[in-house]
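Working notes, beginning with the structure itself.
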Amino acid sequence: MQRFSKKVVVVTGAGSGIGEFTAKRFAEEGASVVLVGRTEDKLQETLQSLAGGDHLVRPTDMAEAQDVEQLAADVLAKYGRVDVVVNNAGVAAQGRVHEGDYENWEKAIKVDLYGVFHSCRYFMPALIKSQGNIVNVSSVSGLGGDWGMSFYNAAKGGVTNFTRSLAMDHGADNVRVNAVCPGLIITPMAADIKKNEPLLDEFRKRTPLGRPGEPEEVAAVIAFLASDDARYITGVNLPVDGGITASNGQPKQA
């Protein structure tokens, strides 16, 4: 299936995890993919795994406005258009508000929230022209709170509501804006959880499907939201979480 033939798709955080598998999915479906991230070596590794096409590696710090402005200019100079932007780049941050490191707060906000803002700001004119769309990668942590993760919750909560606002502002431009909200997905960011079997077991107990997700499962949903199959969907923050957010938090009864 070639839903993205002749389309240009920008994927941030494309060096690993959800971003890597999202880039692969779009390439398999015919897109020219712009691989964006901070580490060129990882982006080059992703590039080597992509299906044929005119792809581009572009190291960028999404937290820096001028870097993202230049990224958008470079993409337009090469392709002349942008059809889909997937804002996936992100970092995790832990700690209670009075104990957490201020630098971690600043990093979470700058990468997870400002990075999305910068991308949407500088790619929006091209998306209006192409009547394209944006898929943000938020989190179930942007839909509700976690213990000890207020920094991350604040950043992802911002992404969640920013997605809704952009969808309202740009529906008249025929630009759709949606987000996926993954639960626990087995990626390098979740490496510590994967090694902590008691904690991993608690996640399994809380998840109706009984297991963590895989990055390709999130990539498939991103591709759906970006495709014409979802042409009447905008402003949605779609959980991809094995059913975690179906719960009201009460314990399972024997």
Would a 4.5 Å heavy-atom cut-off, applied to side chains only, mark Gln131 and Val175 as touching?
-> no

Do Leu238 and Val221 come close enough that some side-chain heavy atom pair is under 4.5 Å?
-> yes

When rounded to the nearest 0.5 Å, the distance separating NZ of Lys110 from NE2 of His118 is 8.0 Å

Quick check: are there more than 12 heavy atoms from other residues, nucleotides or ligands sitting under 6.0 Å from CD of Glu103?
-> no

Note, Asp112 side chain near Val91 side chain (heavy atom, < 4.5 Å) = yes

Taking all non-hydrogen atoms of both residues into account, name the closest pair between Ala23 and Thr46 and its distance.
-> CB-CG2, 4.2 Å

Can you tell me how far NE2 of His55 sits from CG of Leu50, rounded to the nearest 0.5 angstrom?
-> 4.5 Å

Exercise: identify the closest heavy-atom pair between Ala179 and Asn237 = CB-OD1, 3.2 Å

Can you tell me how far CG of Asn87 sits from CZ of Phe123, rounded to the nearest 0.5 angstrom?
-> 8.5 Å

Main-chain N/O of Leu199 paired to Asn196 side chain as donor or acceptor, under 3.5 Å = yes

Is Asp54 salt-bridged to Lys78, cutoff N-O under 4.0 Å?
-> yes

Does the side chain of Phe26 come within less than 4.5 Å of Ile222's, by heavy atoms?
-> yes

Counterpart residues, side chain to side chain donor-acceptor pair (under 3.5 Å), relative to Asp83 (two or more places apart) = Arg81

Note: Glu29-Arg25 ion pair, threshold 4.0 Å (strictly below) | yes

Can you establish whether the number of heavy atoms outside Gln2 located under 6.0 Å from its atom CD is more than 12?
-> yes

Any side-chain heavy atom of Ile134 sitting closer than 4.5 Å to one from Leu127?
-> yes

So does Lys205 pair up with Asp201, basic N to acidic O under 4.0 Å?
-> yes

Got Ser32 and Leu56 here, is their nearest side-chain heavy-atom distance under 4.5 Å?
-> no

For residues 221-242, which residue pairs qualify under salt bridge (charged side-chain N to carboxylate O under 4.0 Å, His left out), counting only residues two or more places apart or in two chains?
-> Arg3-Asp229

Within-4.5 Å side-chain heavy-atom neighbours: Trp105 and Ser150 | no

Spell out, yes or no, whether Val9 and Leu76 are grouped together once hydrophobic residues are joined by side-chain heavy atoms under 4.5 Å, including indirect joins.
-> no

State plainly whether the residues Lys24 and Glu20 are in salt-bridge range, i.e. N to O under 4.0 Å.
-> yes

What pairs of donor and acceptor atoms, side-chain ones from residues 155-163 against any protein atom, are under 3.5 angstrom apart with sequence neighbours left out?
{"residue": "Lys156", "atom": "NZ", "partner": "Val137", "partner atom": "O", "Å": "2.8"}
{"residue": "Thr160", "atom": "OG1", "partner": "Ser138", "partner atom": "OG", "Å": "2.9"}
{"residue": "Thr160", "atom": "OG1", "partner": "Gly142", "partner atom": "O", "Å": "3.2"}
{"residue": "Thr160", "atom": "OG1", "partner": "Lys156", "partner atom": "O", "Å": "3.1"}
{"residue": "Asn161", "atom": "OD1", "partner": "Arg164", "partner atom": "NH1", "Å": "2.8"}
{"residue": "Thr163", "atom": "OG1", "partner": "Asn136", "partner atom": "ND2", "Å": "2.9"}
{"residue": "Thr163", "atom": "OG1", "partner": "Val159", "partner atom": "O", "Å": "2.8"}

Looking only at non-hydrogen atoms, find the nearest pair between Val11 and Gly19 and report the distance.
-> CG1-O, 3.6 Å

Do Thr60 and Asp67 have a side chain donor and acceptor closer than 3.5 Å?
-> no

What pair of heavy atoms forms the shortest contact from Pro239 to Leu143, and how long is it?
-> CG-CD1, 4.0 Å

Is the number of heavy atoms from other residues, nucleotides or ligands within 6.0 Å of CD (Glu217) greater than 12?
-> yes

How close do Arg204 and Arg211 get, heavy atom to heavy atom, and via which atoms?
-> CG-CA, 4.5 Å

Looking at Tyr122 and Ala72, what are the two nearest heavy atoms and their distance?
-> O-CB, 3.7 Å

